[in-house]
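First comes the structure, then the notes that go with it.
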Amino acid sequence: MDKPSLPSGTRDFGPEVMMRRKFIIGIIEETFKRFGFLPLETPAVENLKTLQGKYGDEGDQLLFKILNNGDFLAKADENLLHQRDSKSLTSQISDRGLRYDLTVPLARFVVMNRDKIHFPFKRYQIQTVWRADRPQKGRYREFWQCDADILGSQSISNEADLLQIYDNAFATLGLKVNIRFNHRGILDAFEPWLEGATNHDRFMQLIDKADKIGFEGVLNEITNEAIPNGAEAWTLLHNINNLSSNEEKLTALQNASNIQHEALLKGISEIKHLLSLLNNLPASNTMTLDVTLARGLSYYTGMVMEVVPADDRIPEDFRIGSIGGGGRYDNLTGVFGLKDVTGVGISFGLDRIYDLMDAAAIFPTESMQSTVVLFCCMDENALSSAFGMAKNLRDAGISTEVYPGAVKLKKQLDYANNKSIQWACILGEQEIADGTVSVKNLISGEQKTCPQNQILQQISQ
RNA sequence: GCGGAUAUAGCUCAGUUGGUUAGAGCACCAGUUUGUGGCACUGGGGGUCGCCGGUUCGAACCCGGUUAUUCGCCCCA
């Protein structure tokens, strides 16, 4: 018999893990709802046409593709088959793939349902996505994203809402983070100075690595690749970032002579607007303008945001990238034929948040508990009384189990112990005869015998 | 797509220059205790040492290949 195994980059989530994942999901979902977002789910499988060309060449390679059903090779091109040309053959033998993120399915949904949707459209979506990436620490082939997006509203108040969602959710989770934001307009303003779009794209790719390789590391790479004025531009950004307040950074940007550009003015004014909305609201986490934040080359066109852990309970050596990110993208639905719909959204990286909270050991105990009361019967005759009492407790909202069968008491109490059940209600010959039940507190060891209709009073003391 | 590391019981791992019957802890089962858990003690079940081949009188150990996992790089959450 073959040893059972999992495909690499995928995981089972056992009951203990699921309890904690649900704890996280519950808080994120509750926060989304409290800001007026409504749920959306889309299929795991999308047409490849929907997915391809949306994530760049690299992204296309990372798509999981599904073989067509039936005799899929029969209609395939003879030459391509003979040449073993996998890439060209793919389009002939695979029409569908697994979704790669939640944003493209959202765009597809909005375009297909434009007659039913009222803008601004606020939806959240908590589902699995798949990427055929090489797995490594904090990176999986199957993972979850928790997205909230607003479509069809240009107002910066949406960005303000999203930053508050980050702050609220992580505060409720009990994890300290740093919320960073930037505006693509600020970075776009560097394009003339860097002498063109190609240099600019590469520059943004490189500065995105600052977290990993530091100021010097980025500077070296920029120098190696001889990006015109790259070193100066990077130094300017770095110096601005070292200023202590968001306002000082904005002033410095305004005064930087090499990057004066329409895009910069738009970026600065939108950030000022954002800060004015958030100014008087108390926040649990720091929100800092990080002028080096680029977030890849993807579709972002306005504000970009990112969440990084900042909790001292996380072990020093536990390095993991961002645990959330988002931003504004103009013309989100353009590729599907619906023009001029702007969108802004954020995403929570559930799996990384879990890994962090696990490493920092900050899951509250209530995220672990399930059953509160276990009925232990000494003989089969007691089971029916136990069922009656268990129903009453459940009706009162208390998670209750009746141990299956009248096995040895030691075994039943072991079971309760392993499951961290707080109360054992023991029913033997004596209790049944007297119409009582022995209620034992498994934490203190205390045990009292009481009438069968008074369990609730016993355990709520 | 490229590089490094690892692979021994259900899990985490020991295993001496290559030498008899491959070990520990945890978990599981039973007992000490026929109605009282956590602790302790005693006993028990459990292994194709990833797989294939080679060297050797003899391989968990050395060599080659292969597969899987994992950590980095590219890229990303």
Side-chain angles (χ1 to χ4, degrees), chain A residues 1-11 14 55-63 86-87 100-103 126-147 202 204-206 208-209 211-213 217 221 294-298 305-309 317 319-327 345-356 374 376-379 382 403 406-433 437-449:
Chain A
M1 199 195 299
D2 284 332
K3 271 193 180 174
S5 64
L6 285 172
S8 86
T10 69
R11 297 143 305 151
Y55 310 105
D57 289 346
E58 193 95 25
D60 280 354
Q61 296 227 312
L62 300 181
L63 286 174
S86 310
K87 233 178 199 171
Y100 180 90
D101 70 358
L102 301 178
T103 307
I126 300 175
Q127 285 190 279
T128 332
V129 302
W130 293 267
R131 296 184 189 178
D133 212 340
R134 251 317 205 285
Q136 50 188 271
K137 187 173 183 175
R139 181 192 292 183
Y140 308 99
R141 284 184 156 180
E142 178 184 74
F143 60 100
W144 285 62
Q145 289 188 332
C146 314
D147 279 24
R202 188 60 192 147
M204 293 219 298
Q205 259 178 16
L206 291 176
D208 227 17
K209 292 161 74 170
D211 264 353
K212 232 182 215 172
I213 60 178
E221 296 211 24
R295 290 202 56 75
L297 278 178
S298 45
M305 322 160 215
E306 185 168 273
V307 182
V308 291
D317 56 341
R319 294 254 166 268
I320 205 163
S322 68
I323 52 177
I346 53 170
S347 183
F348 287 79
L350 170 65
D351 304 84
R352 286 187 174 178
I353 294 169
Y354 178 92
D355 288 348
L356 275 174
L374 177 73
C376 305
C377 298
M378 304 308 303
D379 62 82
Y403 192 93
V407 302
K408 279 212 249 179
L409 188 56
K410 173 179 163 50
K411 217 174 146 79
Q412 303 194 41
L413 291 176
D414 271 339
Y415 175 83
N417 239 5
N418 284 332
K419 244 179 136 174
S420 306
I421 296 173
Q422 195 185 342
W423 301 93
C425 289
I426 301 164
L427 287 166
E429 252 176 77
Q430 194 61 54
E431 285 87 350
I432 296 296
V437 56
S438 295
V439 180
K440 185 179 176 92
N441 181 330
L442 291 175
I443 294 167
S444 66
E446 251 181 288
Q447 180 172 328
K448 279 182 186 163
T449 302

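Just so it is clear, the values below take in all heavy atoms, side chains as well, and ignore hydrogens, waters and symmetry mates. Chain letters run A, B, ... following the sequence lines, proteins first and then strands; every chain starts at 1.
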Exercise. If you look at every heavy atom in Val308(A) and Ser322(A), which pair is closest and at what distance?
Worked result: CG1-CA, 4.3 Å

Seminar exercise, completed: Gln136(A) meets the side chain to side chain contact (heavy atoms under 4.5 Å, CB included) criterion, sequence neighbours left out, with Arg139(A)

For this session: Between Asp351(A) and Lys209(A), just flag the one whose closest nucleotide in RNA chain B comes earlier from the 5' side.
Result: Lys209(A)

Exercise. Is any side-chain nitrogen or oxygen of Lys408(A) closer than 4.0 Å to OP1 or OP2 of G31(B)?
Worked result: yes

For this session: Please tell me which of Gly349(A) and Pro135(A) maps to the more 5' nucleotide of RNA chain B, matching each residue to the nucleotide holding its nearest heavy atom.
Result: Pro135(A)

Seminar exercise, completed: Residues passing the side chain to side chain contact (heavy atoms under 4.5 Å, CB included) test with Ala406(A), sequence neighbours excluded, are Glu380(A)

Exercise. What is the distance, rounded to the nearest whole Å, between atom CG of Asn418(A) and atom P of U36(B)?
Worked result: 18 Å

Problem set entry | Among C2(B), U36(B), C75(B), the one nearest Arg134(A) by side-chain distance | C2(B)

Exercise. Hey, does Ser347(A) reach any base, or is it just sugar-phosphate, or nothing, if we go heavy atoms under 4.0 Å?
Worked result: nothing

Seminar exercise, completed: Tightest non-hydrogen contact, residues Ile421(A) and Leu442(A), listed as O-CD1, 3.4 Å

Seminar exercise, completed: Side-chain atoms of Lys137(A) come closest, of C29(B), C75(B), G72(B), to G72(B)

Exercise. Expressed in whole Å, how much space separates the P atoms belonging to U21(B) and C29(B)?
Worked result: 33 Å

Exercise. Does Gln205(A) put a side-chain nitrogen or oxygen below 4.0 Å from OP1 or OP2 of C75(B)?
Worked result: yes

Exercise. Checking all strands, does Gln61(A) fall into the base, sugar-phosphate, or nothing category for heavy-atom contacts under 4.0 angstrom?
Worked result: nothing

Problem set entry | Whole-Å C1' distance, G15(B) and U20(B) | 16 Å

Seminar exercise, completed: Here the salt bridge (Lys or Arg N to Asp or Glu O under 4.0 Å) pairs for residues 409-424 of chain A, sequence neighbours left out, are Glu401(A)-Lys419(A), Lys410(A)-Asp414(A)

Exercise. In whole Å, what separates the P atom of C61(B) from that of C49(B)?
Worked result: 10 Å

Exercise. Phe143(A): what forms a ring pair (Phe, Tyr, Trp, His ring centres under 6.0 Å) with it, not counting sequence neighbours?
Worked result: none

Would you tabulate the nitrogen or oxygen pairs shorter than 3.5 Å linking the protein to nucleotides 38-44 of chain B?
residue	atom	partner	partner atom	Å
G38(B)	O4'	Asn417(A)	ND2	2.8

Exercise. In which ranges does RNA chain B form stems of 3 or more consecutive Watson-Crick or G-U pairs, distances under 3.5 Å?
Worked result: B:1-7 with B:67-73, B:10-13 with B:23-26, B:28-32 with B:40-44, B:50-54 with B:62-66

For this session: Please measure how far the P atom in C41(B) lies from the corresponding atom in C26(B), and state the result in whole Å.
Result: 9 Å

For this session: Could you tell me which residues satisfy side chain to side chain contact (heavy atoms under 4.5 Å, CB included) with Thr449(A), sequence neighbours excluded, listed by chain and number?
Result: Thr436(A), Ser438(A)

For this session: Write down the distance between CG (Leu206(A)) and C1' (C76(B)), rounded to a whole number of angstrom.
Result: 16 Å

Exercise. Any idea how Tyr100(A) and Tyr55(A) line up, ring-wise: parallel (<30°), tilted (30 to 60°), or perpendicular (>60°)?
Worked result: tilted

Problem set entry | Whole-Å C1' distance, G46(B) and C51(B) | 22 Å

For this session: From the options G37(B), A77(B), U70(B), select the nucleotide whose nearest atom is closest to the side chain of Ser8(A).
Result: U70(B)

Exercise. To the nearest Å, how far apart are Phe348(A) CZ and A77(B) C1'?
Worked result: 13 Å

For this session: For nucleotides G50(B) and U6(B), find the distance between their C1' atoms and express it as a whole number of Å.
Result: 11 Å

Problem set entry | Those residues of residues 424-432 of chain A lying under 4.0 Å from RNA chain B by at least one heavy atom | Ile426(A), Gly428(A), Glu429(A), Gln430(A), Glu431(A)

For this session: Measure the distance from CD on Gln412(A) to P on U33(B) and round it to the nearest whole Å.
Result: 21 Å

Exercise. Looking only at atom P, what distance separates C52(B) and A40(B), rounded to whole Å?
Worked result: 41 Å

Exercise. Side-chain N or O of Lys419(A) less than 4.0 angstrom from OP1 or OP2 on G37(B)?
Worked result: no

Exercise. Which of these nucleotides, C73(B), A77(B), U36(B), is closest to any side-chain atom of Leu413(A)?
Worked result: U36(B)

Exercise. What residues, two or more places apart in sequence or in another chain, satisfy ring pair (Phe, Tyr, Trp, His ring centres under 6.0 Å) together with Tyr140(A)?
Worked result: none

Problem set entry | Results of salt bridge (Lys or Arg N to Asp or Glu O under 4.0 Å) for Asp355(A) - residues two or more places apart only | none

Exercise. Looking for any heavy atom pair under 4.0 Å, which part of the strands does Tyr140(A) touch: base, sugar-phosphate only, or nothing?
Worked result: base

Seminar exercise, completed: Leu102(A) and Gln145(A) have their tightest heavy-atom pair at CD1-O, 3.4 Å

Exercise. Backbone N or O of Trp144(A) within a donor-acceptor pair of the Asp351(A) side chain at under 3.5 Å?
Worked result: yes

For this session: Rounded off to whole Å, could you give me the CD1-to-C1' distance for the Ile353(A) and A77(B) pair?
Result: 10 Å

Exercise. Is there a donor N/O on one and an acceptor N/O on the other, under 3.5 Å, for the side chain of Gln136(A) and the base of U70(B)?
Worked result: no

Problem set entry | Shortest side-chain distance from Arg139(A), nucleotide among C29(B), C75(B), G35(B) | C75(B)

Exercise. Nearest-Å distance, OH (Tyr100(A)) to C1' (C76(B))?
Worked result: 6 Å

Exercise. Got a sec, which residues hit salt bridge (Lys or Arg N to Asp or Glu O under 4.0 Å) with Arg134(A), two or more places apart in sequence or on another chain?
Worked result: none

Seminar exercise, completed: Separation of A77(B) atom C1' from Trp130(A) atom CH2, nearest Å, is 15 Å

Exercise. Considering only the P atoms, how many Å lie between C63(B) and G19(B), rounded to the nearest integer?
Worked result: 15 Å

For this session: Would you mind reading off the distance between Asp133(A) atom CG and C71(B) atom P, rounded to a whole angstrom?
Result: 13 Å

Problem set entry | Residues that Asp379(A) engages under side chain to side chain contact (heavy atoms under 4.5 Å, CB included), provided they are two or more places apart | Asn381(A), Glu429(A)

